[in-house]
Amino acid sequence: MNMEQNEKKAALCVEIIRACREELCDLFPQLDGAFACLTWVAAEQRGFRVDGDTVWYHPDDLTRLYARSPGALRRGYLHMLLHCLFLHLYSGHTHDRLWNLACDMAVENLMEKQEMPRLFDGKNRDFLHNLDENLQSAEQIYEYLKENGSPPEGDFAFDDHSWTSVGQGGRETWERQLLSAFGQKTGQGRRGRTPGGGEEVPAQEEGGEFDYRRYLSRFTFLREEVQLDLDSFDYAYYQLGLERYGSMPLVEPLEYREVRRLEELVIAMDTSGSCSAEIVGKFLAETYKILASQENFFRKMKVYFIQCDCIIQDVTRIESREDWLDYAKKIRIQGRGGTDFTPVFDYVKTLRETRELKDLKALLYFTDGDGFYPSAPPEYETAFVLLKDTGHPELVPKWAKTLLI
């Protein structure tokens with residue numbers, strides 16, 4: 001293979017890895033920081049291996065696996081990341097075959113429970129479906145395998161467990177990432193059902209780096225919208241018409257185009273006393289990022305922006321980008337009482353029953369996470385959006401998504 005071919009394959013590998021990382025960050029936004037801790041480097045040794053800092057891969061293995069099944073490579077990427085997060089690399093018995101099997105089963109068991117098509121790789125893991133629910137960690141599965149023997153069938157391995165060169169510095173990094181990803185933080189909130197009567201102007205904050213457009217794209221649909229479609233416009237025929245017939249072009253740009261965008265959305269903001277003016281200002285900046293971009297929504301949209309502490313304090317219906325820009329200039333935050341999320345869900349239920357919202361796909365709830373949650377999930381996806389350093393993702397129920405900013 002000549003140098004040019006090698007360069008093309010290297011560039012292709014970089015694009016494949018980037019695409020897989022973006023897909024996985026879309027599925028697991030709470031792991032954004034963890035994915036940033038691993039660097040992929042090409043190696044002459046076949047297969048894949050991870051040492052806590054680097055994923056080593058052979059370019060041929062990477063491209064062939066992705067060509068056969070993108071889901072298999074995404075799953076393998078997450079498989080290695082979970083080995084790092086759960087500190088499997090730092091145990092005292094990395095050369096034990098049964099321990100390595102237990103580590104693989106632990107991370108595969110976690111991924112199987114997610115039931116995500118984008119992680120499907122076609123392998124047989126029926127044994128995991130019959131595994132005791134209490135057997136989740138590698139240590140628990142290891143003890144089980146020592147007493148009961150290896151599973152009769154299944155395919156759990158992905159990477160080469162050559163973990164002998166891992167250092168303690170890497171362990172500290174992954175301990176911090178584990179705490180960040182799974183929200184094991186301390187702090188006091190203000191759950192409660194006593195409403196507040198306060199009102200304030202939120203502090204001004206710049207928006208964060210979370211890509212809402214990518215997240216919200218899962219709920220978009222295709223529709224024609226009045227808009228010049230310059231992508232489909234043939235400029236050569238337009239110019240030919242002007243040259244031959246004066247001011248009469250042969251073709252003109254289409255005045256509509258098909259676009260994928262969002263039409264309905266509910267954004268709720270926790271205005272309870274546990275969220276300071278600075279935090280509320282950050283939430284408002286994130287809301288501004290979503291609504292100020294025309295790329296997220298059709299020109300005519302239906303977005304409900306709701307302020308709530310333990311009762312609904314304010315509801316504003318946004319029907320265009322101009323509506324939001326006008327409202328954002330004069331917004332006042334109302335509340336400062338206890339925290340109860342259920343009034344928002346009750347209000348949205350009423351909107352859906354009265355057909356004010358006909359096809360709601362998602363609700364974003366900006367909060368610190370500490371409050372009373374509904375006991376049952378709604379029929380639409382709910383994402384609780386928390387600040388990484390001050391939120392309580394460990395309190396968010398399993399039926400909801402947690403997005404960290």
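Note that the numbering runs from 1 along the sequence shown for the chain. Predicted, not measured: the structure shown is a model, and the values here were computed from it.
Within the 4.5 Å cutoff, the side chain of L119 has heavy atoms near those of the L78 side chain. Within the 4.5 Å cutoff, no side-chain heavy atoms of F305 are placed close to those of V266. Looking at heavy atoms from C-beta onward, I267 lies out of side-chain contact with I318 at the 4.5 angstrom threshold. Contact annotation: the side chain of Y373 never approaches that of Y365 to less than 4.5 Å [non-hydrogen atoms, C-beta and beyond]. Contact check for L98 versus K146: side-chain heavy atoms found under the 4.5 Å cut-off. Annotation: side chain of R352 is not in contact with side chain of K349 (no heavy-atom distance under 4.5 Å). For the pair T316 and I306, the minimum side-chain heavy-atom distance is 4.5 Å or more. When side chains are defined from C-beta on, Y77 counts as touching R21, because their heavy atoms get closer than 4.5 Å.
Not less than 6.0 angstrom separates the ring centroid of F372 from the ring centroid of F341. In this structure, the ring of W174 has its center no less than 6.0 angstrom from the ring center of F86. Ring centroids of F35 and F28 are separated by 6.0 Å or more, keeping the two rings apart.
Ion pairing of E356 with R317 is present here, as a side-chain N (NZ or NE/NH1/NH2) and a carboxylate O approach within less than 4.0 Å. Taking a cutoff of 4.0 Å between a charged side-chain nitrogen and a carboxylate oxygen, K9 and E7 do not qualify as a salt bridge.
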Before giving the answer on salt bridge (Lys or Arg N to Asp or Glu O under 4.0 Å), spell out for D121 and R125 the whole-Å C-alpha distance, their side-chain angles and the decisive distance to 0.1 Å.
CA-CA 11 Å; D121 63 355; R125 301 184 182 88; 2.8 Å; yes

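Residues D160 and R49 share a closest heavy-atom pair of O-CB, 3.5 Å. The minimum heavy-atom distance between C84 and V50, with the atom names listed, is SG-CG2, 3.7 Å. Nearest heavy atoms, E108 versus H79: OE2-ND1, 2.7 Å. Of all heavy-atom pairs spanning D368 and F283, the tightest one is N-CZ, 4.3 Å. For the pair P343 and I311, the tightest heavy-atom approach, listed with the atom from each and the gap, is CG-CA, 4.2 Å. The shortest non-hydrogen separation linking L24 to R74 is CD1-O, 3.6 Å.
Tested against S272, the residues T339, D309, D340 include a single side-chain hydrogen bond (donor to acceptor under 3.5 Å, both in side chains) partner, T339. The only option from L364, L395, V396 that meets the side-chain contact (heavy atoms from CB on, under 4.5 Å) definition with F384 turns out to be V396. Here the rule is salt bridge (charged side-chain N to carboxylate O under 4.0 Å, His left out) with E23, and of R75, R118, R18 only R118 fits it.
Using cut-offs of 30° and 60° on the angle between ring planes, the pair F345 and W399 is perpendicular. Between W40 and F48, the angle of the ring planes goes over 60°, which puts this pair in the perpendicular group of the 30/60° scheme.
When only modelled atom types and interatomic distance are considered, Y90 and R171 share no side-chain donor-acceptor pair under 3.5 Å. Defined by atom type and a distance below 3.5 Å, a donor-acceptor pair is missing between the side-chain atoms of S274 and D370. Judged by distance alone, the side chains of T367 and D270 do bring a donor and an acceptor atom under 3.5 Å apart. If you check the side chains of H161 and N100, you find a donor sitting under 3.5 Å from an acceptor.
No more than 12 heavy atoms of other residues, nucleotides or ligands lie within 6.0 Å of NZ in K8, so this atom counts as exposed by the packing criterion. Enclosure of atom CD in E353 by more than 12 non-hydrogen atoms of other residues, nucleotides or ligands within 6.0 angstrom is indicated.
At least one donor-acceptor pair under 3.5 Å links the side chain of N124 to the backbone N or O of D126.
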